[in-house]
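Note that the numbering runs from 1 along the sequence shown for the chain. Everything numeric here is computed off the predicted structure, so don't read it as measured data.
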Amino acid sequence: MFESVREDLRTTLEEIRAAGLHKPERVIGTPQNAAVAVTAGGAPGEVLNFCANNYLGLADHPEVVAAARDALDRWGYGMASVRFICGTQEVHKELEARLSSFLGQEDTILYSSCFDANGGVFETLLGAEDAVISDALNHASIIDGIRLSKARRFRYANRDMAELEARLKEATEGGARRKLIVTDGVFSMDGYVAPLAEICDLAERYDAMVMVDDSHAVGFVGPGGRGTPELHGVMDRVDIITGTLGKALGGASGGYVAARAEIVELLRQRSRPYLFSNSLAPVIAAASLKVLDLLESAGDLRERLAANTALFRTKMTEAGFEILPGDHAIAPVMIGDAAEAAKMAELLLERGVYVIGFSYPVVPMGAARIRVQLSAAHSTADVERAVAAFTDARAALAAAQA
C-alpha cells in the first residue's frame, strides 16, 4: 500500500519542481546578520542576506545574546509544561506587561508563535451567530484561524474600503451578533500598509471590532516603532493586535495577542493553542524584554532601515526593475514567471546575494516575485552591491534565454 502512496508523492514532488515551485532549504553556518555563510543548498561562502525578517538587525545583537545567556542560568532552558499547569514564570508576566504598555493595550497573552496566536483568536471569540470580515491578502495563519471558527466568513479585496463596507452591511443585515474586521498591518508579500484609520471609521459606523496582525511592523513602523496603529494614529481604536517576537523583535520565535482585558482573559481560559502548547521558552521571554529596552533608543536603527529601503527602491527603479509601490522594508521585485523568479534567485546567490523567489500559491498565479527585505544591519555598500547583482543576474538570465 505504502509503495503506491510513495509513488504518488514522488509524482507530486516532480510536478512541483517542473512548475518551478520547489522551495529548497539553504543551510547557513553563522548567526543571522546582514551577511551569512551558506554551507549547503546553494553557492557556498559568505553572501549578503536580503531575505530575513531581521529588520532592525537585532537577531545577533550582543546585548540580546547576553540577556539570553543570563536567562538560561536564572530561568532554565524550558518549562516542560503549559501555562496554566506549571508553565508560568515571572519573566512571562513581565514580558506580557511590557508588551501591553508598548502597544497601548490593556493586556497581552503569549503564544509559541503568531501562527498559534492567530489560530487561537477566532474560535474563542466568535460563534455561529457572529461574522468575521477578512482582507483577501491576509496571512495564512489568519485564514486557517478563521476556518477553525463557526463564524460566518466574509472577504473583501485588498485594502478596498468600499467592498469592506459592503461586507459589513451584509453581515449587519444578516443579523450578526459580533462583527470582527481582521487585516494584516503590513501585507507580507507586497509591503502594502493597511488603511487602518478608514478601517476603524467603518468599524465604528457598523459596530464592529478591529483586529490587526502587525508582525511586519512592530518594532520599526511608526514614530516609536509601535506598528501600524501608531503610524495611523489609531492605537486606542484597535481592539486586538497580534504579532511575533520572531521578526524585528529579536528574530527568535514566539507570538502574542495584545487586546482589551476581557478578550485576553477569555483567551487564557479557552484558546486551544495557548492551553495545549508548552510555554514560551523563558530564554526567549527574557531576551525579548531586552529587545524592548533597546527599542526605546532605536530611533537611529529605524532611520537607517528607512534610508536603506529608500535607496534600494530608488536604485532598482532607476535600473528598470518593477517594484511594488510603497516605502516599507519589504520591497517585492516583480518577475511574473515562477520558473524565471526561481532562476533569478539562483543567479543572485551565485553573485553573493541571498534572496528567495515567491510564486503560486504563496502569491497569485503569474505574479511571481523576489521579495527583498532590507535591514538596519545593511550598509549603503551592501544595498548598492545588491542592486548591481540584480542588474548582472538579469543580463545573465536574458542571455541564457536568447
Side-chain angles (χ1 to χ4, degrees), residues 52-56 58-59 64 92 94-122 124-125 134-135 137-145 180-188 191 193-194 196 199 209-222 224-232 234-260 263-264 267 271 273-274 277 280 284-285 287-292 294-295 298 302 305 328-330 373:
N53 299 311
N54 189 25
Y55 294 111
L56 294 176
L58 299 179
V64 176
H92 295 109
E94 185 180 354
L95 178 57
E96 288 172 339
R98 286 286 301 277
L99 284 169
S100 300
S101 175
F102 183 69
L103 297 171
Q105 290 290 342
E106 294 176 359
D107 202 357
T108 297
I109 178 172
L110 296 172
Y111 285 82
S112 298
S113 67
C114 188
F115 206 109
D116 276 346
N118 285 334
V121 168
F122 304 99
T124 304
L125 297 182
S134 176
D135 190 290
L137 293 188
N138 277 341
H139 191 266
S141 59
I142 292 176
I143 296 169
D144 286 359
L180 175 62
I181 304 168
V182 57
T183 181
D184 283 3
V186 175
F187 296 92
S188 60
V193 178
L196 291 188
I199 289 173
M209 297 182 292
V210 176
M211 171 178 164
V212 179
D213 178 340
D214 225 19
S215 293
H216 286 277
V218 170
F220 63 99
V221 171
R226 290 172 172 82
T228 55
E230 182 187 39
L231 177 69
H232 292 289
V234 296
M235 289 181 67
D236 59 339
R237 300 170 70 191
V238 173
D239 301 284
I240 304 170
I241 299 171
T242 65
T244 180
L245 305 172
K247 293 182 172 56
L249 303 188
S253 63
Y256 56 83
V257 177
R260 313 299 187 192
I263 291 174
V264 171
L267 291 173
S271 177
Y274 177 79
S277 295
L280 183 71
I284 295 176
S288 298
L289 284 166
K290 174 55 66 175
V291 169
L292 290 171
L294 294 172
L295 289 183
R302 290 190 286 271
L305 174 60
H328 193 271
I330 294 172
Q373 291 171 277

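Each of Val182, Ile181, Val238 was scored for a side chain to side chain contact (heavy atoms under 4.5 Å, CB included) with Ile199, with one residue passing: Ile181. Checked options Val234, Leu103, Val221, Val210; the residue passing with Pro229 is Val234 (criterion: side chain to side chain contact (heavy atoms under 4.5 Å, CB included)). Partner Ile263 forms a side chain to side chain contact (heavy atoms under 4.5 Å, CB included) with one of Ile240, Ile109, Thr124 and no other, that one being Ile240.
Annotation: side chain of Arg237 is not in contact with side chain of His232 (no heavy-atom distance under 4.5 Å). Looking at Asp239 and Met211, their side chains never come closer than 4.5 Å, going by heavy atoms from C-beta outward. In this structure, His328 and Phe220 have side chains that are in contact, with non-hydrogen atoms separated by less than 4.5 Å. The shortest side-chain heavy-atom distance between Leu196 and Leu231 does not fall under the 4.5 Å cut-off. Between Ile143 and Ser134, every side-chain heavy-atom pair lies at or beyond the 4.5 Å cut-off. Side-chain contact between Asp213 and Asn138 is absent, with no heavy atoms from C-beta onward closer than 4.5 Å. The shortest distance between side-chain heavy atoms of Ile142 and Asp184 falls below 4.5 Å.
In this structure, Gln373 contributes its side chain and Tyr55 its backbone to no donor-acceptor pair below 3.5 Å. Under a 3.5 Å cut-off, the side chain of Ser101 and the backbone N or O of Ala97 do not form any donor-acceptor pair.
With values rounded to the nearest 0.5 angstrom, Ser271 atom OG is found 8.5 Å from Leu125 atom CG. The distance from atom CG of Leu280 to atom OG of Ser113, rounded to the nearest 0.5 Å, is 10.0 Å. The CD1 atom of Ile284 lies 12.5 Å from the CG atom of Leu289; values are rounded to the nearest 0.5 Å. The CD1 atom of Ile241 lies 11.0 Å from the CZ atom of Arg226; values are rounded to the nearest 0.5 Å. Between atom CD of residue Glu94 and atom CG of residue Leu99 there is a gap of 10.5 Å, rounded to the nearest 0.5 Å.
The minimum heavy-atom distance linking Arg260 with Asp236 is given by the pair NH2-O, 3.5 Å. Ala285 and Leu95 make their closest contact through CA-CD2, 3.7 Å (heavy atoms, listed as atom of the first residue, atom of the second, distance). Of all the heavy atoms in Gly119 and Pro273, the pair that sits closest is C-CG, 4.0 Å. Taking every heavy atom of both residues into account, Leu56 and Gly219 meet most closely at CD1-O, 3.3 Å. What you find for Gly120 and Leu267 is that their closest heavy atoms are O-CD2, 3.5 Å. Between Arg302 and Leu295 the shortest heavy-atom distance is NH1-O, 3.6 Å.
Every residue meeting the ring pair (Phe, Tyr, Trp, His ring centres under 6.0 Å) condition with Tyr274, not counting sequence neighbours, appears here in chain and number order: Tyr111.
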Can you list the steps and then say if Glu106 with Val264 is a side chain to side chain contact (heavy atoms under 4.5 Å, CB included)?
CA-CA 9 Å; Glu106 294 176 359; Val264 171; over 6 Å; no

For residues 242-258, tabulate all N or O donor-acceptor pairs below 3.5 Å that involve a side-chain atom, not counting sequence neighbours.
| from | atom 1 | to | atom 2 | distance (Å) |
| --- | --- | --- | --- | --- |
| Thr242 | OG1 | Asn118 | OD1 | 2.9 |
| Thr244 | OG1 | Gly246 | N | 2.8 |
| Thr244 | OG1 | Gly254 | O | 3.2 |

